[in-house]
Chemist: 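My questions all concern the structure below.
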There are 2 protein chains.
Amino acid sequence: MAGFKGQAEYSVDSKGRVAVPAKMRSVLKPEAKSTFTLTRGFEKCIFGYPQDRWEEMEDDMSTLNTYVTKSRDFIRGILMWAEEVSLDGQGRIGLPKPLIEFADIKDRALIIGALDHIEIWNPEHFEAYLKSQEVDYQTLAESVMGRE
Amino acid sequence: MAGFKGQAEYSVDSKGRVAVPAKMRSVLKPEAKSTFTLTRGFEKCIFGYPQDRWEEMEDDMSTLNTYVTKSRDFIRGILMWAEEVSLDGQGRIGLPKPLIEFADIKDRALIIGALDHIEIWNPEHFEAYLKSQEVDYQTLAESVMGRE
DNA sequence: CCTTCGGTGGGGAATTGTGGGGAAAATTCC
DNA sequence: GGAATTTTCCCCACAATTCCCCACCGAAGG
């Protein structure tokens, strides 16, 4: 299963639209119906899941026990930000206002592919995120994948 | 399984294209479909995995739990640089701009075979890398392979 | 000496990103 | 309840980039 990958910096027009890179569009399965569900990221950015993948996530969430407060909080935290958006004829999506504010997106957006989802960042905030990393990439790779 | 080996220094043209050495092309399996996925190396260079090998790596990544911050950081770190490129009719690949900047590739590139992937270096940076090695080659070999 | 293979360079066509205009729908105000 | 205004959506047009194809040149091999 090919996943999303790559990076691209595009402009956000006055109507809040951004192009989805052609390389990422081509990864979309027919089942996704050219639709993403956007929601807040775990970092200060927007996550976009293709429709088919999002439905799996909803299924996962529905297995949580909603009598547990933490589970309820989690579900609320994701879903209150979630919104379905479809590609227009030019391969763009419109970013919902609440998410624009959350991720503090201005006139430029950095889009990066992350396997099962895409991420939309304010380029400056992404820069800051990289600098805030405690460990460098080599060390990180070794600690995540380096077990034998 | 025959792996990539050898080295070659080629020119990078104004469009960012480099030839893949014929010896390395001949190692490509049909499953790789004449396609490499390039991404950042652990050092200041570009790694290129043949498509079949890359898919295995994606499978490995997809087993990581993306609710764990470190895993997310790692996936982002690899995939934001990753891009699929195919050989053109002349056996060349085009290097994506972000990777050219990352590896600081100018008009010449050194291509090294490294078993399951190829590496593309700025020849000068490779020289510097060799000098920066703390331990000499004999000692290194002993510490990696010398345990009985 | 001729042929084949491997690396280098450039030109044209199709794709992709960007901006804006107008119709339909929703919202607000009177 | 109806009209005016705003918002949303869809479509068209331009410009830049990328991709694909063709041509050349030198080296190696028969």
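All values reported here derive from a predicted model rather than from experimental measurement. Each chain gets a letter, A, B and so on, in the order the sequences are listed, and its residues count up from 1.
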Chemist: Would you kindly check whether a donor in the side chain of Gln90(A) faces an acceptor in the base of dC10(D), or vice versa, at under 3.5 angstrom?
Modeler: no

Chemist: So which nucleotide from dG6(C), dA13(D), dG22(C) ends up closest to the side chain of Lys15(A)?
Modeler: dG22(C)

Chemist: Expressed as a whole number of angstroms, how long is the span from Ile111(A):CD1 to dT18(C):P?
Modeler: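 Rounding to the nearest Å, CD1 of Ile111(A) and P of dT18(C) are 9 Å apart.
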
Chemist: Out of dT18(C), dT8(D), dT8(C), which has the shortest distance to the side chain of Lys97(A)?
Modeler: dT8(D)

Chemist: Find the distance Leu95(A):CG to dC9(D):C1' and express it as a whole number of Å.
Modeler: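 Between C1' of dC9(D) and CG of Leu95(A): 15 Å.
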
Chemist: Under 4.0 Å between a side-chain nitrogen and a carboxylate oxygen: does that hold for Arg76(B) and Glu119(A)?
Modeler: yes

Chemist: Quick one: does Lys23(A) reach the base of dG17(C) with a side-chain donor-acceptor pair under 3.5 Å?
Modeler: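 Per atom types, no contact qualifies.
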
Chemist: dG17(C), dC10(D), dG7(C): which one has an atom nearest the side-chain heavy atoms of Ala19(A)?
Modeler: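 So the side chain of Ala19(A) is nearest to dG17(C).
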
Chemist: Using the side-chain heavy atoms of Arg17(B), tell me which of these nucleotides is nearest: dG9(C), dT18(C), dG20(C).
Modeler: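 Closest of the options to the side chain of Arg17(B): dG9(C).
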
Chemist: Could you pick out which residue, Asp88(A) or Glu83(B), lies toward the 5' side of DNA chain D when each is mapped onto its nearest nucleotide?
Modeler: Asp88(A)

Chemist: Closest approach to the side chain of Asp13(B), judged atom by atom: which nucleotide of dG19(C), dG17(C), dG9(C) is it?
Modeler: dG9(C)

Chemist: Does a donor on one side chain sit under 3.5 Å from an acceptor on the other, for Ser62(A) and Asp59(A)?
Modeler: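 No pair is found: no donor N or O on one side chain lies under 3.5 Å from an acceptor on the other.
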
Chemist: Where the side chain of Ser11(A) is concerned, which of dG9(C), dT18(C), dC11(D) is the nearest nucleotide?
Modeler: dT18(C)

Chemist: Measure the distance from CG on Leu87(A) to P on dC11(D) and round it to the nearest whole Å.
Modeler: 14 Å

Chemist: Give the rounded distance in Å between these two atoms: CD of Glu84(A) and P of dT8(D).
Modeler: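 So the CD-P distance, Glu84(A) to dT8(D), works out to 17 Å.
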
Chemist: Look at Glu124(B) together with Arg108(B) and state whether they make a salt bridge at an N to O cut-off of under 4.0 Å.
Modeler: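 Answer for the salt bridge query: no.
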
Chemist: OP1 or OP2 of dG7(C) versus the side-chain N and O atoms of Arg108(B): is any pair under 4.0 Å?
Modeler: no

Chemist: Side chain to side chain donor-acceptor pair (under 3.5 Å) between Thr66(B) and Ser71(B): does it pass, once the steps are laid out?
Modeler: CA-CA 6 Å; Thr66(B) 49; Ser71(B) 302; over 6 Å; no

Chemist: Angle class for the Phe74(B)/Tyr137(A) ring planes (parallel below 30°, perpendicular above 60°, tilted otherwise)?
Modeler: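 It falls in the parallel class, under 30°.
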
Chemist: For dG7(C), does either OP1 or OP2 sit under 4.0 Å from a side-chain N or O belonging to Arg25(B)?
Modeler: yes

Chemist: Any side-chain N or O of Ser14(B) below 4.0 angstrom from OP1/OP2 of dG9(C)?
Modeler: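 The answer is no; no side-chain N or O of Ser14(B) sits under 4.0 Å from OP1 or OP2.
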
